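Written out below as C-alpha cells is the structure these notes cover.
Whatever order the structure lists them in is the order used to number ligands and atoms, beginning at 1. Only a predicted model underlies this, so the values are computations on that prediction, with no experimental measurement involved. In what follows, residues are counted from 1 in the order of the sequence shown.
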Amino acid sequence: MPIVTDDDALGAGFVRVLLAVVGAPVLLLVAALACSTAAVMAPPSVPVEAPPPAAPEPAPVPPPASVLDGIFTEAQAERGRAAYDAHCAECHGEGLGGGEMAPGLTGVAFRFRWRGLKVADIFESIESTMPPEEPETLGDQTYIDIVAFLLSANRYPAGDRELATDPVLLQGVAVERVPP
Ligand code: HEC
C-alpha cells in the first residue's frame, strides 16, 4: 500500500503552484521570443501602393520640331533600308557612300545638301526625282520610310512614333546638325 505522507502531498502542491506562478512569465517569454523571431523573419514591409491618380487630361503631344526629336522608329528605318537596297543602292551604294553614278547620302554630303531645310524638303525632293528613271513610283509610304532610313544612317535618333507623310508635319521638322 503506497504511503502518501502529508509532506509529499504538500510537495506536489507546491510544485503545481510554482509552475502556475513561474509558468505564466515563461510562457510570456516564449511568446515574446516567438514574436520577435517572427518580426525578424517577416518580409520587409512593402509600401502600400497609392491608388492610381485620376486619369489626367492627356497632354497633347507637341509635333516634333527637329530631326533630333526621335521622329521615326527603328522598324520604320529598317523598312526604309529594304526599300533603299531595292531601289537606290545600285547608284548610291550599299553603304550610302555614293559611287560613279550618284552622290553619297550621308555625312558631309547629307549635311551640305539639307542644311537649314526641313524634312519635308528631303521627302519631296526624293519622291519627285528618285529613282531618276521613274520618280514618284514607289508610293508615299515607301518614300517616307526611306527618309527614316536616311536619317537613321545619318545618326539621328529613333523614337517611338513613326514619321508620317503629313506635309504640314514634315514642314515643321528642321534638319539640325547631329551633335558630335
Ligand atoms: C540610276 C541611278 C540612281 C538611282 C537608282 C537613284 N538615284 Fe538618287 N541620284 C542619282 C544621281 C545621278 C543624283 C545626282 C543628280 C541629281 O541630283 O539629279 C542623285 C541624287 C539623289 C539625292 C540628292 C537629291 C538632291 O536634290 O540633291 C538624293 C537624296 C537621292 N538621290 C536619293 C535617292 C533615293 C532615296 C533613291 C531610291 C528611291 C535614289 N536616289 C535612286 C542617281 C540615282
Inset, instruction - Any atoms of ligand 1 less than 4.0 Å from a non-hydrogen atom of C91? List them with their elements. - result: 1 (C), 2 (C), 3 (C), 4 (C), 5 (C), 42 (C), 43 (C)
Legend entry - Heavy-atom gap T142 to ligand 1 smaller than 4.0 Å: no
Legend entry - Contact partition for P132 relative to ligand 1, non-hydrogen atoms under 4.0 Å: side chain
Inset, instruction - Look at atom 36 (C) of ligand 1 and say which protein heavy atom is nearest, naming residue and atom and giving the distance to 0.1 Å. - result: C88 SG, 2.7 Å
Legend entry - Atoms in ligand 1 with a heavy atom of I126 nearer than 4.0 Å: 29 (C), 35 (C)
Inset, instruction - Under 4.0 Å, heavy atoms only, figure out whether ligand 1 is touched by the backbone of I122, its side chain, both or neither. - result: neither
Inset, instruction - Check whether any protein heavy atom sits under 4.0 Å from atom 17 (O) of ligand 1. - result: no
Inset, instruction - Could you tell me whether a side-chain N or O of Q76 sits under 3.5 Å from a main-chain N or O of L163, the two making a donor and an acceptor? - result: yes
Inset, instruction - Give yes if a backbone or side-chain nitrogen or oxygen of H92 is under 3.5 Å from a nitrogen or oxygen of ligand 1, and no if not. - result: yes
Legend entry - Side-chain donor/acceptor of Y143 to backbone N/O of E136, under 3.5 Å: yes
Inset, instruction - To the nearest 0.5 Å, tell me how far T142 OG1 sits from H87 NE2. - result: 6.5 Å
Inset, instruction - May I ask you to decide if I122's main-chain N or O and S125's side chain share a donor-acceptor pair within less than 3.5 Å? - result: no
Inset, instruction - For atom 25 (C) of ligand 1, grab the closest protein heavy atom and report residue, atom and distance to one decimal in Å. - result: R113 NE, 3.1 Å
Legend entry - Min N/O separation T129 to ligand 1 under 3.5 Å: no
Legend entry - Numbered atoms of ligand 1 (with element) below 4.0 Å of L138, judged on heavy atoms: 38 (C)
Inset, instruction - Please report which non-hydrogen protein atom sits nearest to atom 11 (C) of ligand 1, along with the residue it belongs to and the distance in Å to one decimal place. - result: A102 CB, 3.7 Å
Inset, instruction - Please identify which atoms of ligand 1 are closer than 4.0 Å to at least one heavy atom of H87. - result: 5 (C), 37 (C), 41 (C)
Inset, instruction - Give the atoms of ligand 1, by number and element, whose distance to some non-hydrogen atom of I146 is under 4.0 Å. - result: 35 (C), 38 (C)
Legend entry - Donor-acceptor contact below 3.5 Å, side chain H92 vs main chain G99: no
Inset, instruction - Report the part of S125 in contact with ligand 1, treating N, CA, C, O as backbone and CB onward as side chain, heavy atoms under 4.0 Å; options are side chain, backbone, both, neither. - result: side chain
Inset, instruction - Kindly indicate whether atom 23 (C) of ligand 1 is approached by any protein heavy atom to under 4.0 angstrom. - result: no
Inset, instruction - Do me a favour and list the nearest non-hydrogen protein atom to atom 13 (C) of ligand 1 with residue, atom name and distance? - result: P103 CD, 3.4 Å
Legend entry - Approximate separation, where rounding is to 0.5 Å, of E162 CD and I71 CD1: 12.0 Å
Inset, instruction - For residues A109 and G104, report the shortest heavy-atom separation together with the two atoms involved. - result: CB-O, 3.4 Å
Legend entry - Polar side-chain atom of D121 near backbone of L117 as donor-acceptor pair, under 3.5 Å: no
Inset, instruction - Please round to the nearest 0.5 Å and tell me the distance separating atom CZ of R177 and atom OG of S66. - result: 13.5 Å
Inset, instruction - Identify the two heavy atoms, one from N154 and one from G107, that lie closest to each other, and give their separation to 0.1 Å. - result: OD1-N, 3.0 Å
Inset, instruction - Measure from atom 39 (C) of ligand 1 to every heavy atom in E133, M130, E100, E134 and give the option owning the shortest one. - result: M130
Legend entry - Point-to-point distance, once rounded to the nearest 0.5 Å, from CD1 of I144 to CD of E127: 8.5 Å
Inset, instruction - Check if L105 has a non-hydrogen atom at a distance under 4.0 Å from any atom of ligand 1. - result: yes
Inset, instruction - Search all heavy atoms of V175 against all heavy atoms of V67 and return the closest pair with its distance. - result: CA-CG2, 3.8 Å
Inset, instruction - Measure from the side-chain N and O atoms of Y156 to the backbone N and O of E176, and report whether any donor-acceptor pair falls under 3.5 Å. - result: yes
Inset, instruction - Could you list the atoms of ligand 1 found under 4.0 angstrom from a heavy atom of M101? - result: 11 (C), 12 (C)
Legend entry - Nearest protein heavy atom under 4.0 Å from atom 28 (C) of ligand 1, yes or no: yes
